[in-house]
There are 2 protein chains.
Amino acid sequence: MKTAFGNIEMLLEAEGEEGRALSRAERRELQVQRILEAAKRCFAREGFQGASMQQICAEANMSPGALYRYFVSKEAIIEEICAAARRDDEEKLAEMLTKRNVIEGMVFGAMTHIRFVHETDACALIAQFHAEATRSESVRLIYCNHLAEVRGIFLNYLGAALERGEIDPLFELEALVPALMSIIQGIANNDLPANGVALDKVETVVRTVMISMLRPTGKAL
Amino acid sequence: MKTAFGNIEMLLEAEGEEGRALSRAERRELQVQRILEAAKRCFAREGFQGASMQQICAEANMSPGALYRYFVSKEAIIEEICAAARRDDEEKLAEMLTKRNVIEGMVFGAMTHIRFVHETDACALIAQFHAEATRSESVRLIYCNHLAEVRGIFLNYLGAALERGEIDPLFELEALVPALMSIIQGIANNDLPANGVALDKVETVVRTVMISMLRPTGKAL
DNA sequence: CCGAAATGCGAATGATCATTCTCAATTTAT
DNA sequence: ATAAATTGAGAATGATCATTCGCATTTCGG
C-alpha cells in the first residue's frame, strides 16, 4: 500500500518484530538511510555525475518530490555519504590504535581498513570520492579534513611510541606518516585480495613495510 | 584570420620556424593534439562527465562541427587520452628496466613515475581515469590491459634477477609484483611531494620498501 | 582551372537532468 | 474533531548536453 507516509509495511519490516510504532524522527531517519544506501549503489555503479536523481529515486523506491523532502540537492547527498564514511573511519581507527604494541597496532589498523574495503566492495565508491574531490570544493574540504585527522591520530600514536623508545623511524614522523598512509591507501584502493593476492600475503607486506620504516627497537613488552 | 582550415597562423606557429607548408596529415595530427590537450585540461578540471563538449571546443578554439571531424564522440576522446597515457608509460618503463642493478632499477622506475605525476600535475586526471574505469567498459579494458602489461614487464625483470640469484623475494613474484605496484601507485597518486614530503624522502621510502620486499643478496656487481 | 574531398562554423535537435510545483493523503497537536 | 504540519506522488520546467545538419570555404589531384 502506497500512502503519503510511504510504504508502511516496508518501514515496519525494517524496524523489526517489536511492533512498536515508529516516531516521526525514527521514520525520517529510516528514509534518510534508505536514500543514502540507494545513492551509494547508484554512485558506485555510474559515478557521481553519471547517476541521475531519477535513478536514485527508482533505486530508493521514492518519487523525486519525496526525496527532495530529505535532501536539498544531489550535492547534499554526496556530502552526507562522504561525511558518514569519514566518521566511520575515524571511529574505527581511534579505537584500534589505543591497544597493542606499535607494529601490531599499525598492521591491525591497516589490515582492518584493507579488509573493510575488500569486503564492502568500496573500491568503486572510493574512486568516485577521489574524482569528486578534485572538482567539488565541499567534497574536497571533507576529504582533506579527513586526511588531516587520520594523520593526526597516527602522529599521536607513533609519537608516543617514539618517546618511549620503542621505534627508531627512518626519518621524522611528519613526513613518514603521510608516506605510510599513501602506501596503505594504495594497497586498499587496489583491492589486492580481489586480484589474486591472498590476505595473509597482504598482511606480510604491510608488516614488512611497517618494520622497515619504523624499525622497532624491541623495548616494548 | 578564420579559414575553413582553421586558425592558420596558430598552426604555423605550432610547427615552428622552418616555414615549410604543412601536409594534410600533419595538419590533421596537429588538430588532434590540440583537441586532446584541451580535453585533458577540461577533464582534469571538471571530470569526464562534468566537462562538456562545448567547454572542450572553447578550450580548443574550435566549433563543435569541426571537433567532430576528428573524434566521433566524447567517449572516443577519453579512450584516446587513456591509450596515449598507457603507451607513454610502457615505453618509459621498458626502457628503464633494461639497465642498472635490480634495486636501483626498480627505485629509478618508481621515482620516474612519481616525479612525472608530480611535475605534470596528473593527479586529477588520474583520479578521473580510475573513476571512469569503474563504469565505462572500454576505459576499464584499456586500464586493465595497461596494468597487465606493466605487471608483465616487472615480472620479467624481477624474474631474471631471481634466476641470477640477485634477490630473495619475500614470496612469489606473481603476488609480490601487484603489491609493489599498488604501493608505488599509492605514493604517486597522492602526490606526496606536493604534500610536504620532499622527493629525497620519497626515494628513501621507495628504496626501503624495495630492499625489504626483494631482499637483494649482494650477488650483483 | 575544375570538381571532389576535406575542413570549419554555428545554429538546431532531441534527449536528459536537477529541481520545483501542485495537490492529495496522513499524522499530530490542540 | 479540526487545523496545521508533514510526507508523498508525479507532472512540469528550464537548463544543459552530446551530437547532427546545412552550408561556406579551402585544398588538392588531374
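In the text below, chain A, chain B and the rest are named by the order of the sequence lines, each starting its count at 1. All values below were derived from every heavy atom in this structure, side-chain atoms included, with hydrogens, water molecules and symmetry-related copies excluded.
For the pair B:I56 CD1 and D:dT16 P, the interatomic distance rounds to 17 Å; values are reported in whole Å. Distance B:K74 NZ to D:dA18 P: 4 Å, rounded to the nearest Å. One atom, CE of B:M53, and another, C1' of C:dG8, lie 15 Å apart when rounded to the nearest Å. Rounded to whole angstrom, the span from the CG atom of A:N61 across to the P atom of D:dG10 amounts to 11 Å. We find that CG of B:L30 is positioned 11 Å from P of C:dG8, with the value rounded to whole Å. One atom, CZ of B:R27, and another, P of C:dT7, lie 8 Å apart when rounded to the nearest Å. Between the CG atom of B:L67 and the P atom of C:dG8 there is a distance of 10 Å, given to the nearest Å.
Considering only side-chain atoms of B:P64, the nucleotide from D:dT7, C:dT7, D:dT20 that sits closest is D:dT20. Taking every side-chain heavy atom of A:M62 into account, D:dA9 is the closest of D:dA9, C:dT19, D:dC17. Of the candidate nucleotides C:dT27, D:dT19, C:dC17, C:dT27 has the atom nearest to the side chain of A:R24. The side chain of B:Y68 lies closest to D:dA18 when the candidates are D:dA18, C:dT20, D:dG8. If you check C:dT28, C:dA18, D:dC17 against the side chain of B:Q54, the one that comes closest is D:dC17. Side-chain proximity of B:S63 to the nucleotides C:dG8, D:dT19, C:dC17 is greatest for C:dG8.
Contact check on B:E46 versus A:R135 returns no salt bridge, with no Lys/Arg side-chain nitrogen under 4.0 Å from an Asp/Glu carboxylate oxygen. Taking a cutoff of 4.0 Å between a charged side-chain nitrogen and a carboxylate oxygen, A:R34 and A:E29 do not qualify as a salt bridge. A salt bridge does not link B:R87 with B:E149: every distance from a Lys NZ or Arg NE/NH1/NH2 to an Asp or Glu carboxylate oxygen is 4.0 Å or more. Between B:E174 and B:R151, none of the side-chain N atoms (NZ, or NE/NH1/NH2) sits under 4.0 Å from a carboxylate O, so this pair counts as no salt bridge.
Residue B:R28 has a polar side-chain atom (N or O) positioned under 4.0 Å from OP1 or OP2 of C:dT7. Put simply, A:Q31 has a side-chain N or O that comes within less than 4.0 Å of OP1 or OP2 on D:dG8. Between A:Y70 and D:dG8, a side-chain N or O to OP1/OP2 separation shorter than 4.0 Å is present.
Across all strands shown, A:F71 has no heavy atoms under 4.0 Å from either base or sugar-phosphate atoms. Residue-level contact check: A:A51 touches the backbone only, with heavy atoms under 4.0 Å from sugar-phosphate atoms and none from bases.
Each of B:G65 and A:Q49 lies near DNA chain C, and the nucleotide nearest B:G65 is the one positioned closer to the 5' end. Along DNA chain C, the nucleotide nearest to B:R69 and the one nearest to A:Q55 differ in position, and the one closer to the 5' end is contacted by B:R69.
When each of A:K74, A:Q49, A:E132 is checked for a side chain to side chain contact (heavy atoms under 4.5 Å, CB included) with A:F43, only A:K74 meets the rule.
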